[in-house]
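Atoms within a ligand are numbered from 1 in the order they appear, just like the ligands themselves.
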Amino acid sequence: MSIIKDKNILLGITAGIAAYKSASLVRLFIKAGANVKVVMTPASKDFITPLTLSTLSKNPVYSSFVDEEDDTGVWNNHVELGLWADYFVIAPATANTLAKMANGVCDNILLATYLSAKCPVYFAPAMDLDMYKHASTKTSFKKLASYGNKMIPAGTGELASGLVGEGRMAEPEAIISFIEKDCLNQLPLHGKKILITAGPTYEALDPVRFIGNHSSGKMGFAIAKAAANLGAEVVLVSGPTHQKVNHNLITVKPVVSAEDMYQEVHKHYSNTDIAILSAAVADYRPKTVAENKIKKKTATFSIELEKTKDILKSLGEIKNKQFLVGFALETNNALEHAKGKLIAKNLDLIVLNSLQDKGAGFGVSTNKVTFITASKDVIEHKLKSKTEVANDLMQQILKQFYA
Ligand code: CTP
């Protein structure tokens with residue numbers, strides 16, 4: 001999933017031959033899941049038609065202050081357009097428009113929108129090599145950088161003039177990946193590695209039977225998505241579940257038993273910044289696993305169980321830089337038990353969910369949690385969707401992690 005999914009992208013097009021590539025750019029933004037609106041300078045319409053761009057973006061295209069289709073003189077509100085945008089991307093950006101942007105000139109709707117936009121602005125210059133090198137253009141670049149605008153550098157190659165050199169607008173794919181990377185860099189957990197456990201574990205009894213539990217994995221998967229949306233690289237170690245995830249920052253490591261989960265988690269832990277253990281790990285497993293299917297011969301049948309390894313506790317014991325988060329599922333004396341686990345397992349934060357709360361627990365898509373921090377702060381939340389709980393948890397972690 002692209003980081004620009006569901007973002008509002010305002011594409012500004014100016015009068016350069018590279019405007020013919022704007023059609024591909026709009027398509028790629030749409031393919032990445034973004035909403036696109038286009039604002040053009042009047043002269044750019046000689047290079048690409050508004051009809052092409054409105055068809056591809058599925059939105060009206062703006063090129064003047066009044067709606068040209070409508071003789072009642074409807075005003076195209078450049079301020080609203082600027083406020084709508086999460087990102088304003090000017091591509092191609094000609095030397096003329098860049099100079100005007102650098103100096104606050106505001107003689108068309110694109111420039112008026114630029115001056116009123118509060119969102120991050122990217123520009124992809126496109127011009128002939130001598131224009132690109134000119135001291136005046138360089139001054140524009142510098143001024144725009146000082147305003148916080150980000151330049152997507154031009155490439156080198158054959159130019160419309162027939163000359164070969166620097167000044168070709170970056171290819172649409174390169175523009176998108178520049179923006180995606182830049183957005184990722186801004187995220188608070190960019191560069192951080194997060195290890196998450198999710199789902200149940202299955203402890204084999206014989207080749208066809210196991211001891212398991214009702215955990216659906218929903219909470220752990222929601223946490224993984226919330227963490228990845230904050231820019232973290234996530235390793236999600238999951239027991240058997242039907243949950244699916246498609247995010248380029250999440251790597252799923254499927255496991256079956258508590259022992260498999262223990263081994264997989266320890267492979268990644270030393271390289272982890274934050275570990276969140278939400279899995280419902282079996283506390284016991286059959287002491288022996290029958291080689292063949294157990295036959296029903298006797299009236300009663302007992303299984304001897306032995307303890308599994310406590311994964312969370314083992315991480316608490318070797319913790320150095322890691323921020324460690326555990327879950328506690330309690331039916332009685334919940335707060336007291338959860339505080340006990342926080343200390344016993346050397347955690348920074350524990351998420352308490354009580355099975356007594358209606359709508360909380362296994363299988364359902366809601367949860368009611370209380371966060372308890374290492375400094376014993378108790379933060380209660382009301383019943384929320386697991387996605388909201390995951391976001392609340394990540395906000396709490398951010399607060400403590402960067403404290
Ligand atoms: N956990 C773990 N490995 C285990 C058992 C539990 O990593 N073998 C983790 C869970 O993922 C959860 C936390 O420990 O984050 C608490 O699990 P819970 O079952 O509520 O508590 P236990 O410590 O197992 O204690 P008890 O079952 O006695 O309440």
Practice problem: Give a yes-or-no answer on whether the side chains of Q186 and H190 include a donor-acceptor pair shorter than 3.5 Å. | Solution: no
Quiz prompt | Under-4.0 Å protein heavy-atom contact, atom 23 (O) of ligand 1 | solution = yes
Exercise. For F327, take its heavy atoms, then give the atoms of ligand 1 lying under 4.0 Å from any of them.
Key: 12 (C), 13 (C), 15 (O), 16 (C), 17 (O)
Quiz item: Pick one: which of F178, F141, Y122 meets side-chain contact (heavy atoms from CB on, under 4.5 Å) with M151?
Solution: F141
Exercise. Among all protein heavy atoms, pick out the one at the shortest distance from atom 3 (N) of ligand 1; state its residue, atom name and that distance to 0.1 Å.
Key: I311 N, 3.0 Å
Exercise. Report the residue from L98, T94, I17, L159 that forms a side-chain contact (heavy atoms from CB on, under 4.5 Å) with M127.
Key: L98
Quiz item: Does the N or O separation between A280 and ligand 1 drop below 3.5 Å for any pair?
Solution: no
Quiz item: What atoms of ligand 1 come within less than 4.0 Å of a heavy atom belonging to A279?
Solution: 10 (C), 11 (O)
Quiz item: Which class fits the ring pair Y114 and F88: parallel under 30°, tilted 30 to 60°, perpendicular over 60°?
Solution: tilted
Quiz item: Is it the side chain (CB and beyond), the backbone, both or neither of K341 that lies under 4.0 Å from ligand 1, heavy atoms counted?
Solution: side chain
Quiz item: Given that the side chain starts at C-beta and the backbone is N, CA, C, O, which of these parts of K345 lies under 4.0 Å from ligand 1, counting heavy atoms, or is it both or neither?
Solution: side chain
Quiz item: At a 4.0 Å threshold, what atoms of ligand 1 neighbour a non-hydrogen atom of K309?
Solution: 3 (N), 4 (C), 8 (N)
Self-check item: atom 7 (O) of ligand 1: the protein heavy-atom neighbour that sits closest, reported with distance to 0.1 Å
Solution: L312 N, 2.9 Å
Exercise. Please answer whether the main-chain N or O of A102 pairs with a side-chain N or O of Y147 as donor and acceptor at a distance below 3.5 Å.
Key: yes
Practice problem: Can you pull out the closest protein heavy atom to atom 15 (O) of ligand 1? Residue, atom name and distance to 0.1 Å, please. | Solution: L277 O, 2.6 Å
Self-check item: Options V265, D283, L347, ranked by nearest heavy atom to atom 5 (C) of ligand 1, top entry
Solution: D283
Exercise. Considering the heavy atoms of T308, write down every atom of ligand 1 situated less than 4.0 Å from one of them.
Key: 8 (N)
Self-check item: Greater than 12 external heavy atoms within 6.0 Å of K313's NZ
Solution: no
Quiz prompt | Positive for side-chain contact (heavy atoms from CB on, under 4.5 Å) with N76, one of L81, V66, I109 | solution = I109
Quiz item: Which residue pairs pass the salt bridge (Lys or Arg N to Asp or Glu O under 4.0 Å) test when at least one of the two sits in residues 87-116, sequence neighbours left out?
Solution: K100-D107
Quiz prompt | Atoms in ligand 1 flagged as close to G326, the criterion being non-hydrogen separation under 4.0 Å | solution = 15 (O)
Exercise. Determine whether K309 and M261 make a side-chain contact, defined as any pair of heavy atoms from C-beta on separated by less than 4.5 Å.
Key: no
Self-check item: Test of proximity, A328 against ligand 1: N or O pairs below 3.5 Å
Solution: no
